[in-house]
Amino acid sequence: MLNDAVAPEIVPAAGSDKDAPLKEDIRLLGRLLGDVLREQEGDAVFNVVETIRQTSVRFRREADADAALELDAMLKELSREQTISVVRAFSYFSHLANIAEDQHHIRRRRAHLLAGSPAQKGSVSFALRKLRLAGVPRKTVDTFFQDALIAPVLTAHPTEVQRKSILDAEHDIARLLAERDLPQTPKERHANMQLLRSRVATLWQTRMLRYSKLTVADEIENALSYYRITFLRELPGLYDDIEDDIAAEYPNGDGTIEPINAAYVQMGSWIGGDRDGNPNVNAGTMQHALARHATTILDFYLDEAHALGAELSVSTLMVGVSAELQALADQSPDASPHRSDEPYRRALIGIYARLAATARALGATNILRKEVGAAAAYPDAAAFVADLRTIVASLESHHGAALVRPRLATLARAADIFGFHLASLDMRQTSDVHERVLADLFAKSGVAADYTALSEEDKQALLLNELAQPRLLYSPYIAYAAETDSELAILRAARDIRQRYGARAIRNYIISHTETVSDLLEVLLLQKETGLLRTDWQTGDSICELMVIPLFETIPDLQRAAGIMSQVMALPLVKQLIAKQGQLQEVMLGYSDSNKDGGFLTSNWELYKAELALVADFQKAGVKLRLFHGRGGTVGRGGGPSYEAILAQPPGTVNGQIRLTEQGEIIASKFSNAEIGRRNLELLVAATLEASLAPQEANPARNGQLAQFEAVMAQLSDLAYHAYRHLVYETPGFTEYFFSATPIAEIAELNLGSRPASRKANQRIEDLRAIPWGFSWGQCRLLLPGWFGFGSAIETWINQADGAAKDDRIATLRAMYAEWPFFATLLSNMDMVLAKTDLAIASRYAELVADQGLRERIYKRITDEHGNTLRCLELITGNTERLAGNPLLARSIQNRFAYLDPLNHLQVELIKRNRALSAESRIDERVHRGIQLSINGVAAGLRNTG
């Protein structure tokens with residue numbers, strides 16, 4: 001794995017010269033890691049690592065029983081110290097290979113652009129060209145950008161296995177690797193190599209794992225690092241690129257570029273505001289999150305304002321300035337005679353002083369550069385933007401337009417996007433908590449003795465009556481349950497945060513497990529109790545500060561979604577509040593729980609149906625629908641390529657409005673490199689633009705066949721649902737099998753996130769969070785949530801027909817794949833999961849099940865379904881190889897196995913040791929550490945498993 005002699009085993013075979021740089025980078029990093037391993041651990045450990053890798057490759061390629069026995073014997077003989085070193089070596093190689101692959105993606109994209117090749121699919125320029133050729137006018141495109149909201153929402157979930165220290169070291173290695181693509185003198189090349197070697201050594205000597213439980217504050221800081229790496233500069237830069245793309249495709253007659261004065265991409269966050277199942281989130285964490293958000297963005301503004309002050313040395317002895325700019329300069333605390341003729345500098349010194357005062361007012365405690373003199377804090381971000389616009393306007397009207405774009409325009413754009421809040425913090429809590437809090441308030445106010453016992457109709461009547469009352473239920477002179485006090489304090493904190501940081505700081509309240517109309521009305525009433533919903537009792541006019549957003553997660557919830565929203569939107573109070581929201585209402589759809597509840601095929605189908613039903617009902621109500629997609633990293637949790645996922649949405653469900661979660665290790669995968677981060681942001685914009693404006697008749701499936709396809713899909717979903725439920729929830733012993741044959745117990749012990757892995761302290765799959773459920777199946781390389789049930793459904797549906805009708809059904813499935821984006825994307829995502837699935841490795845985990853009869857019975861069910869699924873996928877697509885349409889990804893996945901397999905084998909051996917020790921009530925911290933390191937390495941190698 002780690003030297004030139006064996007490197008060809010683990011790098012992509014060069015199908016063409018374009019793959020050679022990737023091969024060279026992986027060899028280089030592998031060689032450097034090998035050098036570090038020899039130096040730090042000695043030749044003996046290095047040789048053990050190589051022997052394990054070679055034996056693992058033989059086990060995979062030849063299905064060699066002797067290799068399996070050799071591997072077992074070898075792993076059992078490893079000392080605890082050797083085991084840790086070996087696991088670390090393979091884990092770090094996974095990380096280094098990821099860096100090399102990311103750099104290669106950047107390299108290929110740049111080569112494409114330098115060659116002047118046509119715009120790539122997934123770029124905004126490609127989408128704009130497609131729209132222009134379809135006859136979509138410039139005005140429609142401009143309106144889209146003025147009205148759109150595209151919001152990636154960062155969330156903290158217990159699958160993020162990266163420490164920030166590791167991310168920082170890897171970022172440095174990526175930078176040094178990128179420098180090697182530039183012309184370098186021999187001396188520069190040597191210096192680069194020395195730095196790379198030192199960074200790899202630093203990585204080896206840096207602790208990969210956390211030894212203490214991650215706190216919410218830690219999660220906030222981890223997320224903020226991605227703003228510094230990517231979002232603060234790349235998002236404003238993307239806006240500039242998009243303006244250029246629009247100008248290129250839709251040029252004005254005079255050649256000017258019309259600026260887009262709207263923040264159509266905005267960042268969101270759940271970290272510090274998501275209380276669902278996380279007892280560590282409270283009013284204090286919300287306030288801390290916003291203080292850290294504000295500090296981060298104001299630090300950025302201060303740095304940029306300081307740099308601009310140095311750059312804009314324009315003198316009035318050379319060129320004039322606007323009266324507004326001169327007035328701004330005159331307000332500055334800078335009175336130095338050396339700058340009396342430099343109004344731009346004086347204005348920026350004044351802006352810096354106001355920003356410093358603002359930062360202190362919003363919670364910053366460490367301003368690195370002290371301002372020249374005192375100045376008033378900005379009342380809001382709009383006032384800051386206005387000052388920047390004054391500078392821009394003066395430069396543009398006095399021969400200084402060339403001075404705007406490099407930094408000033410980017411800063412002004414950033415201020416529009418990020419304000420003083422950086423990202424909108426969503427609040428989330430489960431509906432059961434709201435019910436308990438209101439039951440407490442109702443009981444102690446004497447309004448209702450037992451709210452929870454009321455029927456749904458009576459609950460609605462009571463809630464609507466209370467919403468129409470000017471008085472409050474709450475009294476400061478009554479003692480309430482601790483939960484009641486905490487929840488009310490959180491809502492009061494939200495009100496204070498909005499007043500302090502601006503309305504965009506917190507504007508959404510998400511209700512997990514929304515099952516009834518009363519679930520939404522309860523949150524409206526809690527807002528009324530805390531001053532967030534206010535009514536003018538003379539006019540009856542109401543305003544609600546936080547949009548109440550239902551989250552529909554399970555299969556039954558998704559089936560009820562449209563009906564619930566129809567009832568809610570028909571209520572006079574809600575109609576009025578929606579009108580105040582711009583005749584817009586958001587609905588969140590959960591992918592994870594619906595998958596755990598009903599399986600991959602049924603989850604996707606029920607989500608699709610729910611979206612269609614919501615679109616129809618919202619159109620009847622005259623309300624614009626914004627969907628918030630709660631997607632995870634793995635395909636079983638709604639993951640997969642975002643671009644294809646957005647384009648595969650049912651017609652009418654995007655319309656320029658989309659929010660979607662970015663979770664766990666996927667955040668690092670997408671945004672830990674600035675250039676890749678910008679590309680991922682562009683993919684979101686391009687897909688939303690195309691899905692919103694491309695003429696629908698371009699899809700053949702919409703010309704009469706769609707109804708037939710949907711009818712077939714409904715039958716397949718029903719068959720897949722029963723196959724999945726029968727295995728997971730109805731097969732005796734399956735829970736025991738799952739907890740034995742996957743590292744779920746060990747994952748629960750890992751210091752991954754601040755949230756518990758299970759909602760309750762038991763071993764019921766129903767109570768297990770969907771995130772560790774999917775993560776566990778990824779670790780053992782079965783990835784069952786991403787495919788199980790598909791094969792049974794297809795095979796059964798085809799065999800329900802006789803004779804020639806079977807051929808007709810196969811033809812229908814093939815037409816669905818060829819002509820229906822929803823079905824094609826579903827199969828594409830499943831194809832990717834199956835490419836990462838490995839039964840040989842999974843069989844080693846099955847050996848962890850002590851009951852041989854149970855092991856053989858369940859494992860055979862799984863492997864039989866896997867075979868069915870492969871056959872049916874090949875029957876429909878015609879492809880006998882996985883990822884036939886994406887050879888680069890196929891090659892990447894196949895070549896990862898050489899260093900992933902040893903980690904899995906080691907993980908199995910370590911789990912055996914750990915469970916044997918546990919049976920004797922003994923603990924070995926080194927064994928725990930080895931398991932946790934292997935989990936990190938496998939997750940890094942598979943990339944989208946959480």
Side-chain angles (χ1 to χ4, degrees), residues 119-132 134 136-154 231 234-246 249-250 260-268 416-417 423-424 508 582 584-589 591 607-608 611-612 614-615 618 624-631 638-662 666 670-671 677-696 698-699 821-822 825:
Q120 286 182 306
K121 185 178 181 181
S123 66
V124 171
S125 58
F126 178 90
L128 288 167
R129 183 160 304 170
K130 182 176 179 179
L131 295 176
R132 179 176 60 79
V136 177
R138 166 70 184 265
K139 184 177 181 181
T140 301
V141 172
D142 288 344
T143 301
F144 167 87
F145 283 107
Q146 293 295 339
D147 297 340
L149 176 65
I150 304 162
V153 181
L154 305 190
F231 300 122
E234 299 305 321
L235 196 46
L238 176 61
Y239 275 64
D240 290 340
D241 287 350
I242 289 171
E243 282 193 354
D244 290 342
D245 290 339
I246 294 172
E249 287 300 324
Y250 293 93
I260 303 168
N261 296 316
Y264 51 87
V265 181
Q266 298 177 28
M267 298 303 300
D416 277 333
I417 298 167
S424 294
N508 302 309
L584 173 91
Q585 174 62 45
E586 184 171 300
V587 173
M588 184 172 184
L589 302 176
Y591 289 66
L607 284 159
Y608 180 92
E611 292 184 41
L612 284 177
L614 285 165
V615 166
F618 270 63
K624 189 171 185 178
L625 170 66
R626 178 167 65 223
L627 286 174
F628 184 6
H629 299 271
R631 305 170 76 236
S642 299
Y643 176 79
E644 287 79 3
I646 293 172
L647 290 182
Q649 293 300 304
T653 58
V654 180
N655 292 331
Q657 300 285 320
I658 190 168
R659 295 209 302 149
L660 66 166
T661 53
E662 300 286 5
I666 296 303
K670 286 186 174 182
F671 302 116
R678 184 187 287 210
R679 173 62 175 158
N680 277 297
L681 290 167
E682 183 180 11
L683 285 168
L684 292 180
V685 177
T688 307
L689 176 63
E690 196 172 331
S692 301
L693 300 185
Q696 293 184 10
N699 180 359
F822 165 77
T825 300

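Sequence positions, counted from 1, serve as the residue numbers for this chain.
Using a cutoff of 4.0 Å between basic side-chain nitrogens and carboxylate oxygens, D245 and R129 are not scored as salt-bridged.
A distance of 8.5 Å separates CG of L238 from CD1 of I417, quoted to the nearest 0.5 Å. Remark: F628 CZ to Q657 CD distance equals 13.5 Å, nearest 0.5 Å. Put simply, CG on L684 and CD1 on I658 are 7.5 Å apart, with the number rounded to the nearest 0.5 Å. The distance from the CD atom of E234 to the CZ atom of R678 is 4.5 Å, given to the nearest 0.5 Å. Going from atom CZ of R626 over to atom CD1 of I150 covers 11.5 Å, rounded to the nearest 0.5 Å. Note that the CD atom of Q649 and the CG atom of N655 stand 11.5 Å from one another [nearest 0.5 Å].
In summary, the aromatic rings of Y264 and Y239 are positioned with their centroids under 6.0 Å apart.
Looking at S692 and V654, their side chains come closer than 4.5 Å, going by heavy atoms from C-beta outward.
F144 and L693 make their closest contact through CB-CD1, 3.9 Å (heavy atoms, listed as atom of the first residue, atom of the second, distance).
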Subject >> Test side chain to side chain contact (heavy atoms under 4.5 Å, CB included) applied to L660 and V153, step by step >> reply: CA-CA 6 Å; L660 66 166; V153 181; over 6 Å; no

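A donor-acceptor contact under 3.5 angstrom links the side chains of E690 and Y643, judged on distance only.
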